[in-house]
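Below, all heavy atoms of this structure are taken into account, side chains as well, without hydrogens, waters or symmetry copies.
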Amino acid sequence: MAKMNFGGVEENVVTRDEFPLSKALETLKNETIAVIGYGVQGPGQSLNLRDNGFNVIVGQRKESKSWDKAVADGWVPGETLFEIEEACQRGTIIQYLLSDAAQIALWPTVKRHLTPGKALYFSHGFGITYKERTGIIPPADVDVILVAPKGSGTSLRKMFLEGRGLNSSYAIFQDATGKAYDRVVALGIGVGSGYLFETDFKREVYSDLTGERGTLMGAIQGLLLAQYEVLRENGHTPSEAFNETVEELTQSLMPLFAEKGMDWMYANCSTTAQRGALDWMGPFHDATKPVFEKLYKEVANGNEAQRSIDSNSQPDYREKLEAELTALRESEMWQTGAVVRKLRPENN
Ligand SMILES: NC(=O)C1=CN([C@@H]2O[C@H](COP(=O)(O)OP(=O)(O)OC[C@H]3O[C@@H](n4cnc5c(N)ncnc54)[C@H](O)[C@@H]3O)[C@@H](O)[C@H]2O)C=CC1
Ligand SMILES: CC(=O)[C@](C)(O)C(=O)O
Ligand SMILES: [Mg+2]
Ligand SMILES: [Mg+2]
């Protein structure tokens, strides 16, 4: 494990140099990795593992679109693709990648097949951390481990195919076999992680729920919408409002701070922009910090988890989410976005 200095703070990380793919393959050579669920993370992780040469099978409900997708991706029914229960029985490592709500429903099935020495793997600290609400309490004689890619399974796969890697955190909740560390790190490398950083299940889920509700998804949606509305209410065209709010951000400025940091973005903008942005950073920070504090509290007290369990356990949760996403897609702002994307020269 390498110690790295992050802005003055030392952390344990695992890099591909110190734990290469060859070592991961050797570590897991006698294991059957059963990836349960073929939604977003399932395809990304299982396909990367397969392409990396691991012994991997998929478990998915037969009467589902995801089953058909798995077949289309080359998983063979009866050989590498099974009903969930059969995959759990065959796997020595069970990667539990159903939606967090479905993990509660299927837990009795999975638990039956957690015989001594197997490993139970999560990509989210949810089920274990909120165990009073989920009922997910693994037997004591299995390893319980986590690799949480910090991004969508779609990006995990795309970046793998581009020869890149998405960073992941890893954690060990229970080391029954003495092999949990090697197993978790080998799996983290195998699924296509960039580097791995250490966490525990609770810190993973608290930070993840905060991040996706915050800057990664919820906060950015709210922030962009607020600016777009103000520009529109003051007579600016959709084209101007969208370009000045979203297109310039994703196409010009975000790539700059992705490449070399926020200061690099500043250095490549006008001194007019730099002066104004540095001045307005403060008011935006002060206006949003209390919202982030409230959000973190709601995560830590379990309310956010309960809301998610309650809504995503309803039989029609997919239809309800889809209706909300349709409304978002059909809003003026994102209809404008569709046209703006179509007008990108590379899309013509
Ligand atoms: N979506 C992502 O990219 C990320 C997800 N995660 C975590 O990975 C895990 C999997 O998440 P996703 O891939 O988003 O899951 P998902 O919402 O795409 O669902 C995965 C699978 O669950 C199955 N499923 C749903 N309800 C079911 C039921 N009642 N019975 C049987 N199967 C059912 C679906 O058929 C689907 O194949 C979760 O713990 C999530 O928090 C972590 C990082 C990113
Ligand atoms: C993609 C990711 O890591 C998220 C936003 O946390 C999730 O999909 O749960
Ligand atoms: Mg996440
Ligand atoms: Mg998440």
Side-chain angles (χ1 to χ4, degrees), residues 6-9 124-126 148 150-152 155 167 169 199 202-308 310-311 321 324-325 327-337 340-341:
F6 293 87
V9 180
H124 202 13
F126 196 101
K150 294 292 110 183
S152 168
S155 315
N167 302 326
S169 57
T199 188
K202 185 165 138 181
R203 281 184 288 148
E204 195 288 325
V205 69
Y206 284 15
S207 58
D208 190 81
L209 294 179
T210 300
E212 68 203 16
R213 281 154 182 70
T215 59
L216 303 177
M217 296 171 71
I220 199 162
Q221 189 194 339
L223 186 76
L224 298 177
L225 177 62
Q227 174 169 305
Y228 182 88
E229 286 172 350
V230 168
L231 289 171
R232 290 288 290 129
E233 284 154 16
N234 284 281
H236 298 267
T237 60
S239 218
E240 187 158 59
F242 191 87
N243 271 283
E244 207 54 70
T245 303
V246 179
E247 192 72 353
E248 177 168 343
L249 176 70
T250 61
Q251 304 306 295
S252 168
L253 300 190
M254 232 189 233
L256 287 169
F257 67 73
E259 186 193 353
K260 286 208 232 168
M262 190 66 81
D263 57 317
W264 179 243
M265 175 194 74
Y266 268 81
N268 284 282
C269 291
S270 64
T271 50
T272 309
Q274 292 181 48
R275 179 68 270 132
L278 289 166
D279 290 345
W280 279 91
M281 188 285 275
F284 280 111
H285 168 270
D286 296 351
T288 56
K289 189 155 179 196
V291 186
F292 286 108
E293 280 164 345
K294 181 174 175 204
L295 165 59
Y296 193 87
K297 259 192 215 129
E298 289 295 294
V299 167
N301 66 18
N303 287 346
E304 275 303 311
Q306 195 60 48
R307 267 193 286 278
S308 164
D310 291 343
S311 51
L321 285 174
E324 288 181 63
L325 294 182
L328 181 57
R329 181 164 57 242
E330 288 173 354
S331 67
E332 182 199 282
M333 181 175 172
W334 290 102
Q335 287 293 306
T336 300
V340 171
R341 290 193 298 278

Salt bridge between Glu298 and Arg213, side-chain N to carboxylate O under 4.0 Å? no
Residues Phe126, Asp208; criterion side chain to side chain contact (heavy atoms under 4.5 Å, CB included); working and verdict: CA-CA 9 Å; Phe126 196 101; Asp208 190 81; over 6 Å; no
If you look at every heavy atom in Pro283 and Asp279, which pair is closest and at what distance? CD-O, 3.3 Å
Closer than 4.0 angstrom, basic N to acidic O: yes or no for Arg307 and Glu304? yes
How about Cys269 and Leu253: do any of their side-chain heavy atoms sit closer than 4.5 Å? yes
Test side chain to side chain contact (heavy atoms under 4.5 Å, CB included), reference Glu247, set Thr250, Thr245, Leu249, output is Thr250
Can you name the closest pair of heavy atoms from Phe292 and Ala219 and give their distance? CZ-CB, 4.1 Å
Apply side chain to side chain contact (heavy atoms under 4.5 Å, CB included) to Trp334 and Arg329, showing your working. CA-CA 5 Å; Trp334 290 102; Arg329 181 164 57 242; 5.6 Å; no
Salt bridge present between Glu204 and Lys150 (N-O < 4.0 angstrom): yes
Between atom CG of Asp286 and atom CE of Met281, what is the distance when rounded to the nearest 0.5 Å? 8.5 Å
Heavy-atom count around Gln221 CD within 6.0 Å, excluding the residue itself: above 12? no
What pair of heavy atoms forms the shortest contact from Ile220 to Leu216, and how long is it? CG2-O, 3.8 Å
Are there over 12 heavy-atom neighbours, none belonging to Met254, within less than 6.0 Å of that residue's CE? yes
Would you say Glu240's side chain and Leu231's backbone share a donor-acceptor pair under 3.5 angstrom? no
Can you tell me how far CD of Gln274 sits from CG of Asp263, rounded to the nearest 0.5 angstrom? 10.0 Å
Per side chain to side chain contact (heavy atoms under 4.5 Å, CB included), Val246 is matched among Leu224, Thr336, Val340 by Leu224
Point-to-point distance, once rounded to the nearest 0.5 Å, from CG of Leu278 to OG1 of Thr271: 11.0 Å
The reported gap from CD in Gln306 to OG in Ser311 (rounded to nearest 0.5 angstrom) is 10.0 Å
Please give me the minimum heavy-atom distance between Glu212 and Leu209, naming the atom from each residue. OE2-CD2, 3.3 Å
If I compare all heavy atoms of Phe242 with all of Tyr228, which pair ends up nearest, and what's the gap? N-CE1, 3.7 Å
Nearest 0.5 Å, what's the CG-CZ distance between Leu225 and Arg232? 12.5 Å
List the atom of Trp264, the atom of Glu259, and the distance in Å for their closest heavy-atom pair. NE1-OE1, 3.8 Å
